[in-house]
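Notes to accompany the following structure.
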Amino acid sequence: MTPEILTIPPRKLIGMRIKTSISFDDTAALWQNFMARHKEIKNNLNTGFYSMQLYADDFNIENFNEDTQFERWAAVEVENFDSIPEGMESHTLKGGKYAVFTHIGPVKTFVQSSNHIYGTWLPNSEFELDQRAHFERLGDKYYGPDHPESEEEIWVPIK
């Protein structure tokens, strides 16, 4: 997996969020709730769905474990925050430099991609993690969590 290095401007997102960890992962329920209501969001730019992770300011990949708490978002990119449906929130994704990888396959194989990115690629690259949001973008080639040809972009904040 070789990433594309991109620098992006800030992006406006509207969605839902939960506090979670790997050991108590309620992501499926978050996405079920969000998908049932995402069409209520006005000004959707139709750039795909965003699965975003926000970590504490002292986040360190070496100390990350299955009990590390973080915020998980299910969201879409919008033009503005003029109309936010009840029960949803806005978030401005900070711009900056990202390493963008493509994961191909079902969600159950995502851990292999993640292990490669954080365990092999990042330590051997010229980059280090930046303290910004990590996210996956699920676009036109995302066919569902169990589909063997589903593609999702993995965006890793770097400096």
Side-chain angles (χ1 to χ4, degrees), residues 3-59 61 64-111 113-114 117-118 129-147 149-159:
E4 183 175 3
I5 307 300
L6 297 175
T7 301
I8 62 169
R11 297 179 180 184
K12 293 177 173 68
L13 304 178
I14 292 179
M16 297 175 160
R17 66 180 169 142
I18 58 171
K19 278 273 199 204
T20 191
S21 67
I22 301 298
S23 63
F24 181 75
D25 188 4
D26 207 11
T27 300
L30 170 68
W31 277 98
Q32 284 179 330
N33 291 337
F34 180 70
M35 292 307 288
R37 298 194 49 217
H38 78 276
K39 291 183 180 176
E40 297 173 30
I41 299 170
K42 308 294 183 215
N43 300 317
N44 184 343
L45 293 176
N46 296 310
T47 57
F49 293 99
Y50 286 71
S51 178
M52 180 174 59
Q53 297 77 234
L54 297 174
Y55 299 99
D57 289 340
D58 61 351
F59 174 75
I61 196 71
F64 184 81
N65 63 56
E66 64 182 25
D67 296 319
T68 301
Q69 292 280 311
F70 61 95
E71 209 172 89
R72 165 112 44 207
W73 283 72
V76 294
E77 185 177 6
V78 295
E79 185 177 326
N80 58 54
F81 296 138
D82 291 349
S83 177
I84 301 171
E86 187 173 330
M88 294 191 195
E89 300 177 64
S90 64
H91 180 83
T92 300
L93 180 68
K94 292 180 183 175
K97 187 181 293 187
Y98 281 87
V100 184
F101 298 84
T102 301
H103 169 76
I104 301 173
V107 167
K108 67 183 178 185
T109 64
F110 187 89
V111 70
S113 295
S114 184
I117 292 166
Y118 295 103
L129 278 181
D130 199 359
Q131 295 292 345
R132 290 178 285 122
H134 297 232
F135 66 94
E136 292 79 49
R137 194 180 71 82
L138 292 66
D140 294 339
K141 294 183 180 179
Y142 184 77
Y143 307 121
D146 299 320
H147 198 286
E149 296 175 15
S150 261
E151 291 186 21
E152 57 186 288
E153 298 170 356
I154 303 169
W155 291 66
V156 178
I158 55 173
K159 57 182 176 181

Quiz item: Would you find more than 12 non-hydrogen atoms of other residues, nucleotides or ligands less than 6.0 Å from E149 atom CD?
Solution: no
Testing the basics here: between [X] and [Y], what is the closest heavy-atom pair and its distance to 0.1 Å?
| X | Y | result |
| --- | --- | --- |
| P157 | R132 | CG-O, 3.5 Å |
| A133 | L54 | CB-CD2, 3.3 Å |
| S90 | I84 | CB-CD1, 3.7 Å |
| S83 | K42 | OG-CG, 3.8 Å |
| V100 | E153 | CG1-CB, 4.1 Å |
| I18 | T27 | CD1-N, 4.1 Å |

Quiz prompt | Qualifying residues under ring pair (Phe, Tyr, Trp, His ring centres under 6.0 Å), relative to Y50, sequence neighbours excluded | solution =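 If we apply the ring pair (Phe, Tyr, Trp, His ring centres under 6.0 Å) test to Y50, skipping adjacent residues, the hits are F135.
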All side chain to side chain donor-acceptor pair (under 3.5 Å) counterparts of [X], not counting sequence neighbours:
| X | value |
| --- | --- |
| D82 | N80 |
| T20 | none |
| H134 | Y118 |
| E40 | R37 |

Sequence neighbours left out, what passes side-chain contact (heavy atoms from CB on, under 4.5 Å) with [X]? Give chain and number order.
| X | result |
| --- | --- |
| Q32 | none |
| N44 | N46, V76 |
| L45 | T47, E77, E79 |
| S51 | W31, Q53, R72, E136, L138 |

Practice problem: Would you check if S113 and I154 make a side-chain contact, meaning some heavy-atom pair closer than 4.5 Å? | Solution: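 Of all side-chain heavy-atom pairs linking I154 with S113, at least one is under 4.5 Å.
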Quiz item: Side chains of F34 and F49: closer than 4.5 Å at any heavy-atom pair?
Solution: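 Side-chain contact under 4.5 Å: yes.
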Quiz item: Can you list the residues that meet the salt bridge (charged side-chain N to carboxylate O under 4.0 Å, His left out) rule with K39, with sequence neighbours excluded?
Solution: none
Quiz item: What residues, two or more places apart in sequence or in another chain, satisfy salt bridge (charged side-chain N to carboxylate O under 4.0 Å, His left out) together with E151?
Solution: none
Quiz prompt | Full working for side chain to side chain contact (heavy atoms under 4.5 Å, CB included) between H103 and T109 | solution = CA-CA 9 Å; H103 169 76; T109 64; 3.2 Å; yes
Self-check item: Qualifying salt bridge (Lys or Arg N to Asp or Glu O under 4.0 Å) pairs, either residue in residues 83-102, two or more places apart
Solution: R17-E89
Quiz item: For the residue pair Y55 and F70, does the interplanar ring angle fall in the parallel (under 30°), tilted (30 to 60°) or perpendicular (over 60°) class?
Solution: tilted
Spacing of [X] atom [atom1] and [Y] atom [atom2] [to the nearest 0.5 Å]:
| X | Y | atom1 | atom2 | result |
| --- | --- | --- | --- | --- |
| M52 | R11 | CE | CZ | 12.0 Å |
| L93 | W155 | CG | CH2 | 9.0 Å |
| E71 | K19 | CD | NZ | 5.5 Å |

Quiz item: Would you say the side-chain atoms of S150 pair up with the backbone N or O of P145, donor to acceptor, closer than 3.5 Å?
Solution: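 Checked: no pair found.
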